[in-house]
Amino acid sequence: MPADASLFDTLTARGFVHLVSNSDGLRAALARPLTFYVGFDPTAPSLHSGHLIPLALAAHLTRAGHRAVLLAGGGTGLIGDPTDRAETRSLQSRAQVQANTQAIRRQVSRLVAQNELDVALVDNADWLTELRYLEFLRSVGRHFSVNELLATETYRARLASGQGLNFVEINYRLLQAYDFLHLYRERGCRLQIGGSDQWANILAGVHLVRRIEGAEAFGLVTPLLTTATGEKMGKTAGGAALWLDAALTSPYDFFQYWVNVEDGAVPQALALLTTLPMAEVRALSSRRGADRRQAKQRLAAEVTALVHGAEAAAAALESSHALFGAGGGSAAAAPLTTLAASELAAGVPILDLLQTAGLAASRSAARRLVVQGGAYVNNRRVDDPGAVVDARDFHDGELLLRSGKKRFHRVRADGA
RNA sequence: GGGUCGGUGGGUGAGUGGUUAAAACCACCAGACUGUAAAUCUGGCGCCUUUACGGCUACGUAGGUUCGAAUCCUACCCGGCCCA
């Protein structure tokens, strides 16, 4: 598909454009294939929901014929981005950063392959670790005013709150700006995209490219996904982050997260996270009342497919229907714990079972759950904390455990 | 390096020798109402057990004073600010 000038308008219509350094300039630049980049810092071994929008935008751009460079921050990760952090982030060990960087590279490669995108993967450690301090100060440092740096929200908030600001943290922005310069030189990269929190960092890169190369580079940031009350989205039921790694957040849980988002978040999520045509997004968004759940299921199916593949998404959908719907279908994608037949023979106290299944963090928590009437075995409430589960509770070798209304867990009897 | 203030539970933040497992708020869990939504109301929210006004652990770390310490003392670690 050839790049075209209307791409910018399409992206705007979908809501991707929160801020742009020069909208007319970028609109014109997008008329021809252009190289852009987006960076991910290795603060964890997996990307999370916050990365979805920039990834989706990268996919749109790539499909329109632009070249993507996905950057893993193996170098900047050694410093740590202070943006939106109330206090100084303790430095991660080199080993930790390396491990996370590797994990993220693998994950990104998989995402890219799964969605058949043609992108380049780079790691800024490859050039940042070789920087020479004096040289860096003379060539890059002199283009930045400390007054201006301190005036930006990130740093100003820190100073105002009296939380202090480490020298290392001030340097983060310069390193990210240097990344942009480096990619401009090495790959002709002219656009950096990111979440809205990255605005100042991205502009610093635009500034540096202009100062040193006398060329115009562009910056574009996307909005953050928020709830109706303006809170950042992306926390799972347990309060944990919504990871894109299936080992950290299973496709089923990932799917359920989207089914459970609040009504007000659906239109934005459909437009930003799925590739559905806008006409369909609008149609789904117009569903009201209970019908809105169908829009959420569609959203969940689409996003899960992008992240975990069509097959995993289909399995998650089927399991969701099986557990919440009028029955039928397989709950195979739902979380599962296997019990040895020997354990089961003696009977397993319900409190232990809830804890083993991860539906309760401790036996105390499991006891509270039962006492408060939130524990179910095979959809029948258990109100005796001393209850014991045995083989008779298993049907076809399986038992369905539930906490509250919507957290399910399957227990399978092994060797029975 | 000197001075000074401070480090409390997932978060913010009270508490300055004795019903303090630690106020309040947020987050979170469960119940009710619902649409696997939101809002609202109710209960809960360190761990363990034979569930008891029981036991254990906890207020940066390690010691000490005391019948008794998050609260006092000492050393150390970490952070803010001021001076250098």
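In the text below, chain A, chain B and the rest are named by the order of the sequence lines, each starting its count at 1. Atoms considered below: every heavy atom in the structure, side chains included; atoms not considered: hydrogens, waters and symmetry mates.
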Write out a two-atom table: protein N or O, nucleotide N or O from nucleotides 42-49 of chain B, distance below 3.5 Å.
residue, atom, partner, partner atom, Å
B:G43, N2, A:Gln372, OE1, 3.1
B:G43, N2, A:Gln372, NE2, 3.4
B:G43, N3, A:Gln372, OE1, 3.3
B:G44, O4', A:Gln372, OE1, 3.2
B:C47, OP1, A:Ser362, OG, 2.9
B:C47, OP2, A:Arg368, NH2, 3.4
B:C48, OP1, A:Arg363, N, 3.1
B:C48, OP2, A:Ser364, N, 2.7
B:C48, OP2, A:Ser364, OG, 2.3
B:U49, OP1, A:Arg363, NH1, 2.5
B:U49, OP2, A:Arg363, NH1, 2.9

**Study point:** Counterpart residues, side-chain hydrogen bond (donor to acceptor under 3.5 Å, both in side chains), relative to A:Asp126 (two or more places apart)
**Key:** none
Practice item. Name all residues meeting the side-chain hydrogen bond (donor to acceptor under 3.5 Å, both in side chains) criterion together with A:Ser21; count only those two or more places apart in sequence or in a different chain, and write none if there are none. Key: none
Given atom [atom1] of [X] and atom [atom2] of [N], what is their separation to the nearest angstrom?
X        : N     : atom1 : atom2 : value
A:Leu354 : B:C29 : CG    : C1'   : 13 Å
A:Leu351 : B:U50 : CG    : C1'   : 14 Å
A:Phe324 : B:G35 : CZ    : P     : 15 Å

Check your understanding: So which pairs with a foot in residues 335-353 of chain A pass side chain to side chain donor-acceptor pair (under 3.5 Å), sequence neighbours left out?
Key -> A:Thr337-A:His409, A:Asp352-A:Arg363
Review point. Which pairs pass side chain to side chain donor-acceptor pair (under 3.5 Å) with one or both residues in residues 381-391 of chain A, sequence neighbours excluded?
Key: A:Tyr376-A:Arg381, A:Asp390-A:Arg392
**Study point:** Test ring-ring contact (aromatic ring centres under 6.0 Å, His included) applied to A:Phe144 - qualifying residues, sequence neighbours left out
**Key:** A:His207
Point to revise | Which residues share a ring-ring contact (aromatic ring centres under 6.0 Å, His included) with A:Phe16, sequence neighbours left out | key: A:His60
Exercise for review: Please list residues of residues 298-316 of chain A whose heavy atoms come under 4.0 Å from any atom in RNA chain B, ordered by number; otherwise none.
Suggested key: none
Check your understanding: Under the salt bridge (Lys or Arg N to Asp or Glu O under 4.0 Å) test, which residues partner A:Arg412, sequence neighbours left out?
Key -> A:Glu398
Revision key, fill the gap. Partner of B:A30 under the Watson-Crick or G-U wobble criteria, both distances under 3.5 Å, comes out as B:U42
